[in-house]
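Structure first, commentary second.
This structure is a prediction, so every number in the text was calculated from the model and none was measured. All ligand and atom numbering here is 1-based and tracks the order in the structure.
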Amino acid sequence: MRRPFVAGNWKMNGSVAGNKALLDGIKAGLAAVTMTEVAVCPPFVYLRDVAQQLQGTAVVLGAQNLSEQSAGAYTGEISAAMRLDLACRYVIVGHSERRAIYGESDALVAKKFAAARKAGLIPILCVGELLEEREAGTTEQVIARQLDAVLTLEGIAAFAQAVVAYEPVWAIGTGKTASPDQAQAVHAFIRNKLAAQDATISDKLRILYGGSVKASNAVELFGMADIDGGLIGGAALQAEEFLAICRAGA
Ligand code: 13P
């Protein structure tokens with residue numbers, strides 16, 4: 001049995017006061033979230049503050065990105081170890097916004113995945129196809145290529161301490177959600193691909209869906225056999241909505 005997992009990716013949103021209000025709202029409703037593991041992934045500058053506010057709660061902390069390097073002359077970068085210092089457990093790697101806007105290649109994403117694991121962080125590896133790739137019928141090839149980059153560098157064993165998030169790029173922030181059947185088909189593809197290398201690891205792996213998840217569609221999505229929770233963008237910025245999504249994970 002895979003424990004449901006809901007992670008809020010705040011992206012480049014937040015402020016000291018706004019975060020406090022959001023976290024107060026989330027904390028107030030957490031008692032009703034019994035089964036689901038819950039994480040929030042604020043921007044780097046707020047990690048310490050958010051960690052303090054989450055003390056004593058079951059909500060864990062994640063970061064949105066990391067450097068593939070461990071230390072040294074890399075101006076503007078932040079290492080995996082620094083995130084651990086800030087009490088992070090998870091780190092998102094390969095988000096489509098990093099891939100598309102900041103030009104992160106499959107190979108770089110794989111290095112970031114490796115750097116996270118080496119430092120003891122659990123990577124949340126995002127994979128997903130563009131609209132034109134879906135329309136061209138190449139969704140599975142794209143996902144396979146993104147997974148293969150990590151498998152080649154790190155091997156299947158690495159997935160015992162990782163999470164995968166399927167985020168169809170055309171569904172992110174667009175209000176267009178993949179239908180539960182569309183999402184399930186890709187989740188099953190991911191699980192089967194990894195099962196070909198190690199069925200036990202694949203069976204235990206949590207595969208999250210991300211892309212316009214809302215309280216109104218979460219129950220149906222999370223009810224699919226291979227969807228183990230969600231990576232939530234916009235709806236993670238509203239306490240009530242986020243809590244309702246977390247409850248849908250159970
Ligand atoms: P939205 O939920 O805003 O579509 O964002 C999804 C996402 O990119 C989470 O990482």
Side-chain angles (χ1 to χ4, degrees), residues 4-14 18-19 22 26 36-44 46-47 50 59-66 83 88-104 109 112-113 116 121-131 133-134 139 142-143 146-147 162-180 182-183 186-187 190 206-222 224 227-249:
F5 181 30
V6 172
N9 175 8
W10 294 3
K11 307 192 181 185
M12 199 172 73
N13 294 293
N19 299 347
L22 174 58
I26 292 173
T36 308
E37 180 177 4
V38 180
V40 293
C41 307
F44 300 131
Y46 300 126
L47 283 170
V50 170
V59 180
V60 297
L61 199 59
Q64 297 176 17
N65 183 25
L66 83 167
R83 281 161 186 72
C88 280
R89 176 180 298 185
Y90 293 99
V91 60
I92 299 170
V93 297
H95 193 280
S96 66
E97 288 150 18
R98 301 292 322 167
R99 293 178 190 264
I101 305 171
Y102 299 100
E104 293 192 5
V109 171
K112 291 188 174 200
F113 182 101
L121 287 165
I122 302 174
I124 302 175
L125 171 67
C126 297
V127 296
E129 82 287 3
L130 303 168
L131 182 60
E133 292 167 334
R134 173 160 284 267
T139 298
V142 171
I143 308 283
Q146 292 169 339
L147 289 173
V163 174
V164 171
Y166 168 55
E167 298 205 317
V169 180
W170 48 272
I172 296 177
T174 58
K176 264 194 220 166
T177 321
S179 71
Q182 276 176 324
V186 179
H187 282 234
I190 294 169
R206 291 184 295 180
I207 307 176
L208 313 182
Y209 169 78
S212 299
V213 178
K214 300 183 272 290
S216 58
N217 57 26
V219 173
E220 218 190 335
L221 282 162
F222 299 172
M224 304 307 284
I227 302 183
D228 306 309
L231 185 55
I232 318 302
L237 301 173
Q238 300 157 37
E240 278 314 313
E241 187 79 5
F242 185 62
L243 285 163
I245 294 169
C246 294
R247 289 194 299 271

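Of all protein heavy atoms, the one closest to atom 2 (O) of ligand 1 is G233 N, 2.9 Å. Here the heavy atom of the protein found nearest to atom 3 (O) of ligand 1 is G234 N, 2.8 Å. Protein heavy atom in closest approach to atom 5 (O) of ligand 1: K11 NZ, 3.2 Å.
Neither the backbone nor the side chain of S96 has any atom closer than 4.0 Å to an atom of ligand 1 (non-hydrogen atoms only). Contact annotation for N9 and ligand 1: only side-chain heavy atoms (C-beta onward) come within less than 4.0 Å of the ligand.
Interatomic distance, S96 OG to Q146 CD, rounded to the nearest 0.5 Å: 9.0 Å. A distance of 5.0 Å separates SG of C41 from CD1 of I124, quoted to the nearest 0.5 Å.
The side chain to side chain donor-acceptor pair (under 3.5 Å) test with H95 is passed by exactly one of Q64, E104, E167: E167. Put simply, the residue from V163, L125, L231, N65 that forms a side-chain contact (heavy atoms from CB on, under 4.5 Å) with I92 is L231.
Between E167 and ligand 1, at least one pair of N/O atoms sits closer than 3.5 Å. Below 3.5 Å of separation, one finds no N or O of E97 facing any N or O of ligand 1.
Residue contacts with ligand 1 leave out A235, since none of its heavy atoms falls under 4.0 Å from the ligand. No heavy atom of G175 sits closer than 4.0 Å to any atom of ligand 1.
For T36 (side chain) and C246 (main-chain N/O), a donor-acceptor pair under 3.5 Å exists by modelled atom type.
Residue G173 has at least one heavy-atom neighbour below 4.0 Å for each of these atoms of ligand 1: 1 (P), 3 (O), 4 (O). Every atom of ligand 1 is numbered from 1 in the order shown, and the set under 4.0 Å from a heavy atom of A171 is 4 (O). Atoms of ligand 1 found under 4.0 Å from any heavy atom of G211 (numbered from 1 in listed order, with element): 4 (O), 6 (C).
Between H187 and Y166, the ring planes lie perpendicular to each other; the angle is over 60°, past the 30° to 60° tilted range.
Between H95, K214, K176, it is H95 that holds the heavy atom closest to atom 8 (O) of ligand 1.
Counting heavy atoms from C-beta on, the side chains of F222 and V6 come closer than 4.5 Å.
At most 12 non-hydrogen atoms from other residues, nucleotides or ligands lie less than 6.0 angstrom from CD of E220.
Checked against a 6.0 Å centroid threshold, the rings of F5 and Y90 count as neighbours.
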